[in-house]
Amino acid sequence: MKTEEVVNAEIELLTAIKKADVPVLEKMLHDDLLFNLPDGNTITKEFDLESYRLGKMKVETLEASDQLINIIDDVAVVAVTVSLRGTYDGNPLGGAYRYIRVWKQFNEDLQVIAGSCVVLQ
């Protein structure tokens, strides 16, 4: 696994999030994904995908910065700041968030196996 592959996967993931592209998200998120939200709740791949399928999650703007990538064998840990604006279930959503995502190499594909997000003050 190379840093460039992880950078490209991150770009593809963020583009899919912004476009609510469920087929791409389905491919990029591992079936056993666990993700911690800023409120402390832990969600699964299916919960995340369902929020896009139902149109609950709508992202208007999304920008990534301050990306750090550590590669350990077939795993990459990414820390990134994301500024986003949109709505979730009709409620405004926005601000700066710090994400950590864990990517794992499966044959030719990289998939997110874990992650979390905190609100930046």
Side-chain angles (χ1 to χ4, degrees):
M1 180 184 320
K2 296 182 177 140
T3 302
E4 182 180 325
E5 293 172 300
V6 179
V7 169
N8 290 338
E10 279 282 316
I11 291 167
E12 186 178 358
L13 179 70
L14 294 178
T15 301
I17 289 169
K18 188 172 179 182
K19 293 180 176 181
D21 190 337
V22 173
V24 171
L25 291 170
E26 192 152 356
K27 181 185 82 142
M28 298 190 85
L29 303 178
H30 191 273
D31 288 345
D32 294 323
L33 167 78
L34 291 178
F35 191 91
N36 289 331
L37 298 173
D39 65 5
N41 286 314
T42 301
I43 62 169
T44 62
K45 173 183 178 175
E46 194 50 42
F47 182 94
D48 196 27
L49 292 178
E50 196 66 9
S51 69
Y52 291 101
R53 280 190 201 107
L54 297 175
K56 287 184 176 185
M57 183 67 175
K58 295 181 182 173
V59 177
E60 295 165 24
T61 61
L62 184 134
E63 290 181 23
S65 62
D66 302 325
Q67 187 180 63
L68 301 171
I69 299 172
N70 284 348
I71 296 175
I72 307 151
D73 295 325
D74 65 348
V75 172
V77 180
V78 177
V80 62
T81 298
V82 175
S83 296
L84 72 85
R85 193 177 79 232
T87 59
Y88 183 79
D89 209 11
N91 298 309
L93 178 69
Y97 302 87
R98 189 71 176 165
Y99 285 81
I100 193 159
R101 267 190 284 275
V102 182
W103 293 86
K104 182 168 174 36
Q105 183 89 45
F106 293 95
N107 299 316
E108 299 301 312
D109 298 323
L110 286 176
Q111 288 186 310
V112 180
I113 60 171
S116 70
C117 174
V118 294
V119 177
L120 297 178
Q121 297 296 326

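When reading the values below, keep in mind they use all heavy atoms of this one structure, side chains included, and skip hydrogens, waters and symmetry mates.
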Shared hydrophobic cluster, Leu110 / Phe106 (ILVMFWY, side-chain heavy atoms < 4.5 Å): no
Interatomic spacing from OG in Ser116 to OH in Tyr99 - rounded to 0.5 Å: 10.0 Å
Sidechain-backbone polar pair: Lys45 side chain, Asp32 backbone, donor-acceptor under 3.5 Å: no
Contacts of type salt bridge (charged side-chain N to carboxylate O under 4.0 Å, His left out), residue Lys104, not counting sequence neighbours: Asp74
Least distance between heavy atoms, Glu5 atom then Lys2 atom: OE1-N, 2.6 Å
Connected via hydrophobic side-chain network under 4.5 Å: Tyr52 and Tyr88: yes
Thr3 and Val6, any side-chain heavy atoms less than 4.5 Å apart: no
Cluster overlap Phe47 with Val24, hydrophobic side-chain contacts below 4.5 Å: yes
Sole candidate of Lys18, Arg101, Gln111 that passes side chain to side chain contact (heavy atoms under 4.5 Å, CB included) when paired with Leu13: Arg101
Close side-chain approach of Trp103 to Ile69, heavy-atom, < 4.5 Å: no
Transitive ILVMFWY side-chain link Ile43 to Leu33, under 4.5 Å: yes
Check: Asp48 main-chain N/O paired with Glu46 side-chain donor or acceptor under 3.5 Å: no
Same apolar cluster (I L V M F W Y, side chains within < 4.5 Å links), Leu14/Leu25: yes
Show me the donor-acceptor pairs, under 3.5 Å and distance only, between side chains in residues 77-87 and residues at least two apart or in other chains.
unit_1	atom_1	unit_2	atom_2	d
Thr81	OG1	Arg98	NH1	2.8
Arg85	NE	Glu60	OE1	3.3
Arg85	NH2	Glu60	OE1	3.3

OG1 on Thr44 to NE2 on His30, rounded to 0.5 Å: 13.0 Å
Rounded distance (nearest 0.5 Å) linking atom CG of Asp31 with atom CD1 of Ile113: 12.5 Å
Full working for side-chain contact (heavy atoms from CB on, under 4.5 Å) between Val118 and Asn36: CA-CA 9 Å; Val118 294; Asn36 289 331; over 6 Å; no
Distance, nearest 0.5 Å, that separates CG of Asp39 from OG1 of Thr42: 9.0 Å
For Lys27, salt bridge (charged side-chain N to carboxylate O under 4.0 Å, His left out) partners two or more places apart: Glu12
Asn41 atom CG, over 12 foreign heavy atoms within 6.0 Å: yes
For the student: nearest non-hydrogen atoms of Met57 and Val59, plus distance: CE-CG2, 3.9 Å
